[in-house]
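This report concerns only the one structure given below.
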Amino acid sequence: MASKKLRRTGLSVELCDRLKRHQIENCQDLLSLTPIEVMRLAGQSYQQVLVLLKSVSQSCAPSMTTALEVWKQRADLCFSTSLPGLDRLLQGGLSRGTLTEVTGPSGCGKSQMCMMLSVLATLPKSMGGLDSGVIYIDTESAFSAERLLEIAQSRFPDYFSKERVLEMAGRVHVFRELTCQDLLNRLKRLDEDIISSKAGLVILDSVASVVRKEYDTSLPGNLAHRSNLLGQEAATLKYLAQAFRIPVVLTNQITTHVGDGGERGAVSFTGGNYDNQEVAHQGTDPGLQPIRVWTGFNYNLMKDTCAASGQLKLL
Amino acid sequence: MQRAVSSYPFAPSVKVKLLNAGFHSAADLCDLRPLQLSKEAGISQEEAVEVLQAVRCEPGQERAAASQLTALELLEREQELGSIVTFCSALDTALGGGLPVGKTTEVCGAPGVGKTQLCIQLAVDAQIPVCFGGLGGKSLYIDTEGSFLVQRAVDIAQAAVEHCGLLAEDAEQQESLKEFTVETVLSNLFLVRCHDYVELLAETYLLADFLAHHPEIRLVVIDSIAFPFRHDFDDLSQRTRLLNGLAQQLIQMATNHNVAVILTNQMTTKVWNGHSKLVPALGESWGHAATQRLILHWEGTNRLASLYKSPSQTEATVRYQITAQGFRDVPHSNQPKASVDPTVSQSGSMSKRPRMEEV
């Protein structure tokens, strides 16, 4: 709503024209100024400016709800990952409307998990799926269509007949973005793609690779630039997740954090405050916020991917 | 009566006309009728009436009379307002009873340390009925990051309701327990989701009216205030100006409407002199915005909360933990000396003053 034009907020035409002469055209421009600046530009008294700001705020403020209403709509709030142990950890599954980050060292199975989730999303609701399309943004060229079909056929051999498998493959839309700017542009346009492909799941694999390729953080200024970029990406993804009420999954790489011991996600979105849930895959490694205490989960990669083995370990 | 005309909040064009007509101070304007003023200065009649009313009522003197309180009256007022418990008794003691109502508090910390947990806990605790020692109020949660999870709020509310159920002794408490259920707690927790800083600013402009319409609100949570301001701004001075304006509005709201305001901030790495340190985000000047500052940090696997800035309490560091029931104390057997002496934590950090000179 920030880009709502002032003309549509109910202000008088001369006031809008007067503000336009100072390059103030939408709500964002007006609210970014302090009241004293607005006094000068709009030529009004302080009290009038306060009233003006209130009416503009009313037209672009978000709506209010209560926790009870959100709770009542929670029925279809989760997307099951088909691994009962993991579902229990995540309290039902991947939460719709939030970002989930999957982190781990290379080769541990993040892309495999993403492909499995894509297959699951296309399943009908009776089988625990979302019966929807999937948007898969691949930055590492790790997506293999053959593997996708193999997973589908090994995991659900009865359901996926020849035609069904091809139909499923047709619902997974893969975008290859190899540079940061391309990725950002794609994310900015993603809402159109989500609507046209009726997507119920968005996967970004991986966030870290493009950024690590292009930004050498030892050079000054690059760190801030990189954080900025990641911030924009995260904000866009969060908005998409929330607006369409779909789960969004990102993968991240692992880097060794010297000094503290232990490993962290390679690319932390300005302090890792951007994600709502993190699932670290490393056999027994911890990671989860903000729901639970640190827990671990063992898994195995097999032909039909990610069959759970072992139990939950509380750390 | 010697106040200059240019210091009044009139529209700029009106001021210019008044000055050109020779009216420089308030004394020049008194004893004038609106029609005379409008003819002499060349302003419209409505504007003239506005000008004369502003000059005549001398709000300065009236306000001085109204806000002339003695410290004793202030003390009584503050004690009436009460505070919101956090269910972690060590932290409550350090804060002097809990989160103070009528003041703004800032909670900073690294990701995952428990800021949102604390906020959700407080949003539930603000609703504890008066006969259990709570405020019996409602809460407003402004979420800018999307980290509010309703399932978690349900868990915390359930634990709080059970806790009060165990404590209920007399008939009055039993009565009020009927009103204090998970459902009512959730329905009294107002939720707003802001996606960027413009929506946050818009919401703050509307907040004063909202609080006036809902006088039972005792807590306003903004989680977090850092996220929308950290990645969209090229012009840092504009960001500082907006943040200062925001801080002022929040302080005003806290005092005028008797609410506790709690803001969450993130941490950023500051590299200086070859060392890097975690400091609260949003810059140095933001440090002055909140009345109290609480920094949550890790030490190994322990979570610590340090009261870093407070007008009335000493600095202290306490341990806490996050359980399935919410924000809680660490059981006594594990509790190290909850140090009032703020020299713990070899990470050279945030529980010690002075801040800039330490290495």
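Just so it is clear: chains get the letters A, B, ... in the order the sequence lines come, proteins before strands, and each one is counted from 1. What you see is a predicted model, and the numbers here were worked out from it, not measured in a lab.
A 4.5 Å side-chain heavy-atom check between Arg241(B) and Glu37(A) finds at least one atom pair inside the cut-off. His195(B) places none of its side-chain heavy atoms less than 4.5 Å from the side chain of Pro62(A). Put simply, the side chain of Tyr239(A) does not reach to within 4.5 Å of the side chain of Asp196(B), judged on heavy atoms. By the 4.5 Å heavy-atom criterion applied to side chains, Leu191(B) and Met64(A) are not counted as neighbours. Pro9(B) is not listed as a side-chain neighbour of Ser45(A), based on a closest heavy-atom distance of 4.5 Å or more.
Note: Asn188(B) CG to Leu68(A) CG = 9.5 Å, rounded to the nearest 0.5 Å. Atom CG of residue Leu206(B) and atom CG of residue Leu53(A) lie 10.0 Å apart, to the nearest 0.5 angstrom. Distance check: Asn228(A) CG to Arg230(B) CZ gives 10.5 Å after rounding to the nearest 0.5 Å. Note that the CG atom of Leu242(B) and the OG atom of Ser32(A) stand 6.0 Å from one another [nearest 0.5 Å]. Here the CZ-CD distance, from Phe10(B) to Gln47(A), works out to 11.0 Å after rounding to the nearest 0.5 Å.
Residue Ala61(A) comes nearest to Glu203(B) through the heavy atom pair CB-OE1, 3.9 Å, listed as atom of the first residue, atom of the second, then distance. Heavy atoms only, all atoms of each residue included: Ser187(B) and Thr66(A) are closest at O-CG2, 3.6 Å.
For Gln321(B), no part lies under 4.5 angstrom from a heavy atom of chain A. Of the atoms belonging to Phe210(B), it is side-chain heavy atoms, and not backbone ones, that fall under 4.5 Å from chain A. Contact of Asp209(B) with chain A is made through the side chain alone, with heavy-atom distances under 4.5 Å. Looking at Gln242(A), only its side chain comes within 4.5 Å of chain B, counting heavy atoms on both sides. For Leu140(B), the part lying under 4.5 angstrom from a heavy atom of chain A is the side chain only.
The residue among Thr204(B), Val154(B), Leu201(B), Val182(B) with the most heavy atom pairs within less than 4.5 Å of chain A is Val154(B). By number of non-hydrogen pairs under 4.5 angstrom with chain B, the leading residue of Gly43(A), Ala67(A), Ser63(A) is Ala67(A). With chain A as partner, the option from Glu47(B), Arg193(B), Gln238(B) having the largest number of non-hydrogen pairs under 4.5 angstrom is Arg193(B). With chain B as the partner, the residue from Val70(A), Thr65(A), Leu31(A) showing the most heavy-atom pairs under 4.5 Å is Thr65(A).
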Assess whether side-chain contact (heavy atoms from CB on, under 4.5 Å) is satisfied between Trp71(A) and Glu183(B), documenting all intermediate values. CA-CA 10 Å; Trp71(A) 176 242; Glu183(B) 292 234 336; 5.9 Å; no
Could you go through the side-chain contact (heavy atoms from CB on, under 4.5 Å) check for Tyr205(B) and Val56(A) one step at a time? CA-CA 9 Å; Tyr205(B) 278 117; Val56(A) 169; over 6 Å; no
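Shown here is Glu216(B), whose CD atom has more than 12 heavy atoms of other residues, nucleotides or ligands within 6.0 Å. Around the NE2 atom of His22(A), the shell of radius 6.0 Å holds more than 12 heavy atoms that belong to other residues, nucleotides or ligands.
A donor-acceptor contact closer than 3.5 angstrom links the side chains of Tyr197(B) and Gln28(A).
Checked by atom type and distance alone, the side chain of Lys238(A) never pairs as donor or acceptor with a backbone atom of Gly146(B) at under 3.5 Å.
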